[in-house]
Amino acid sequence: MPHHRFGEGPRAEEGFGMAEITKRSDDYSRWYQDVIQAAELAENSPVRGCMVIRPNGYAIWENIQRTLDDRFKELGHVNAYFPLLIPKSFLAKEAEHVEGFAKECAIVTHHRLKQVTVNGKTTVVPDPESKLEEEYVIRPTSETVIWDQYRKWIQSYRDLPILINQWANVMRWEMRTRMFLRTTEFLWQEGHTAHATAEEGRAETLQMLEVYRWFAEDILAMPVVCGAKTANERFAGAVETYSIEAMMQDRKALQAGTSHDLGQNFAKAFDVTYQDAEGKVEHVWATSWGMSTRIIGALIMTHSDDNGLVLPPRIARTKAVIVPIWKNDEEMAAVCAAADRIAADLKASVGLIHVDKRDKMRPGWKYAEWEQKGVPVRLELGPRDLAEGQVMMAARHDRAKNPVKFADLGTALPAELERIQADLFAAAVKRREEATVNVDTWDEFVKLYEGEGGFAHCHWCGDGDCEKAIQEKTKVTIRNLPFERDETVGTCVHCGEKSIGRVLFAQSY
RNA sequence: CGGGGCGUAGCGCAGCCCGGUUAGCGCGCCUGCUUCGGGAGCAGGAGGUCGAGAGUUCAAAUCUCUCCGCCCCGACCA
């Protein structure tokens with residue numbers, strides 16, 4: 001079997017040339033890959049599990065970075081950069097942390113290659129002479145290097161809080177990878193803060209989770225459920241882990257951001273203490289929080305359709321594309337001039353508007369291409385429109401198409417972008433609500449996940465072994481204990497013991 | 001790492017079972033002309049160590065073995 005299906009399908013048989021996208025209903029994961037390829041977001045690299053993020057994909061990441069970074073800074077955080085390589089011994093300092101990451105670390109053992117000739121062929125091997133005394137681990141996350149520095153930076157309560165974020169790449173040697181969702185190397189931001197009190201640390205953890213909720217819902221139009229992870233699902237070394245959980249179009253859950261209350265675990269492991277106003281020496285309180293390129297996968301799977309990528313306007317680099325239509329050079333000059341004027345006039349108020357002047361491609365081809373690439377709005381401008389003083393404005397997500405007078409465009413286009421943003425969010429909320437149920441019996445539970453799946457709010461006893469048993473039997477996990485949940489005591493959907501109330505179950509990415 | 005599928009031009013494929021000159025087809029790409037309001041038409045053209053290595057043979061894309069890679073499904077995870 002080929003792993004891509006471009007060129008197939010009914011249209012391909014008719015001789016059309018553009019990339020074909022597998023329908024969601026035919027093969028959801030193939031569809032996901034096709035959308036990524038058609039929109040030119042990313043490609044596989046020569047290294048298994050790694051990916052090349054192409055300009056269209058990276059533009060999304062740049063907007064994510066800009067938006068989050070601005071918000072972090074508004075809240076008083078500053079950026080810094082810590083190194084890629086971590087002394088192996090650092091990782092061993094926090095017991096749970098080692099256990100959590102040991103299995104997926106890449107290790108640097110040598111610092112030099114050597115040319116050798118085997119069977120007449122020249123190749124390179126690690127030079128045995130260059131073996132490192134202390135091996136390095138490529139960071140799977142940076143708590144350890146950062147806390148080793150924080151020890152040096154913190155002596156007094158006057159040094160606190162430390163509110164540092166870094167934008168970086170990390171590596172986790174995953175067995176199975178999927179573009180954006182789980183790659184061996186990925187990009188993220190990781191915030192690492194240090195506080196004088198437990199309350200302050202806890203407040204920071206929750207504040208940053210709220211930033212992620214805001215970002216997912218208001219910017220990405222992706223509704224999320226905020227809540228606390230169970231002990232089993234907690235970050236290695238955290239006292240409490242909180243997550244935002246989104247639902248994809250295949251009804252599976254995706255953890256889109258996490259925020260950890262690390263308590264004093266890392267401060268103790270790295271001996272980071274401070275002296276308070278009374279002169280008492282205490283370990284500091286820590287948090288960490290992250291959002292990664294995985295969110296781009298979530299974005300794709302939340303909004304895109306069988307025609308390709310759909311991007312919410314607030315995260316799209318190109319807000320609109322103008323497709324000029326002409327029959328001859330004279331018309332071309334006229335419509336292109338008008339298109340340029342519109343793009344220039346609206347740049348400040350709307351953002352980037354691309355004018356697609358490519359010759360040799362007909363308008364219909366361009367419409368289809370820009371649809372695949374997810375540009376929220378298309379403006380069609382031909383000689384007839386020019387005569388009428390209007391453009392045809394078409395929305396990517398619902399294909400609504402209407403004429404708009406040039407004079408009205410300055411208000412109509414921003415309004416249309418807002419309508420799209422709101423529609424996408426509403427549609428995602430609706431999809432989620434329709435796929436969310438309360439389930440009270442084990443039979444129903446099993447039936448739900450043998451069938452369509454979705455989010456299920458169920459009573460749970462609070463026992464980790466029971467949670468694991470459920471996972472082993474059904475592949476379904478507790479996504480989190482939502483902040484807004486039914487805490488009425490009932491009986492556990494699995495074991496029948498007294499429950500701690502309802503928690504959120506789903507199959508997940 | 002287990003099960004399944006698959007590597008032939010940039011992409012998608014045929015050819016392989018049954019070995020035989022110069023390895024085809026569609027799309028894309030390049031040139032030209034006509035086109036241009038939802039995936040254009042015609043003409044000409046460029047492009048291949050058939051995943052890698054070894055073996056069998058007069059002869060290998062085709063048969064055998066080994067290796068590498070990719071995709072899907074599992075076990076692990078953000």
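A, B, ... follow the sequence lines: proteins, then strands. Residue 1 opens every chain.
Cation-pi geometry between Arg479(A) and Phe455(A) is not met: the NZ or CZ atom fails to fall both under 6.0 Å from the ring centre and inside 45° of the normal.
Interface remark: the Arg362(A) side chain does not form any donor-acceptor pair with the rG41(B) base, using a distance-only criterion of under 3.5 Å. No hydrogens or angles were tested; on distance alone, a donor-acceptor pair under 3.5 Å links the side chain of Glu371(A) to the base of rG38(B).
With rA78(B), rG37(B), rA40(B) as the choices, the nucleotide that has an atom nearest any side-chain atom of Tyr367(A) turns out to be rG37(B). Closest contact between the side chain of Met175(A) and the listed nucleotides rG37(B), rC76(B), rC71(B) involves rC76(B). For Ser29(A), counting side-chain heavy atoms from C-beta on, the closest listed nucleotide (rC73(B), rG38(B), rA78(B)) is rC73(B).
The gap from the C1' atom of rC68(B) to that of rU57(B) amounts to 26 Å, rounded to the nearest Å. Nucleotides rG38(B) and rG74(B) place their P atoms 43 Å apart, quoted to the nearest Å. The separation of rC11(B) from rC16(B), taken at their P atoms, amounts to 23 Å, rounded to a whole angstrom. Straight-line distance between the C1' atoms of rA9(B) and rG5(B): roughly 23 Å, to the nearest whole Å.
Nucleic acid contact class of Glu174(A) (heavy atoms, under 4.0 Å, all strands): base.
Taking a cutoff of 4.0 Å between a charged side-chain nitrogen and a carboxylate oxygen, Arg234(A) and Glu240(A) qualify as a salt bridge.
Note on residues 353-364 of chain A: pairs passing salt bridge (charged side-chain N to carboxylate O under 4.0 Å, His left out), not counting sequence neighbours, are Asp340(A)-Lys357(A), Asp356(A)-Arg358(A), Asp356(A)-Lys366(A), Arg358(A)-Glu369(A).
For the contact set between residues 383-393 of chain A and RNA chain B, defined by any heavy atom under 4.0 Å, the members are Pro383(A), Arg384(A), Asp385(A), Met392(A).
Only one option out of Tyr32(A), Trp31(A), Tyr509(A) pairs with Asp250(A) in a side-chain hydrogen bond (donor to acceptor under 3.5 Å, both in side chains); it is Tyr509(A).
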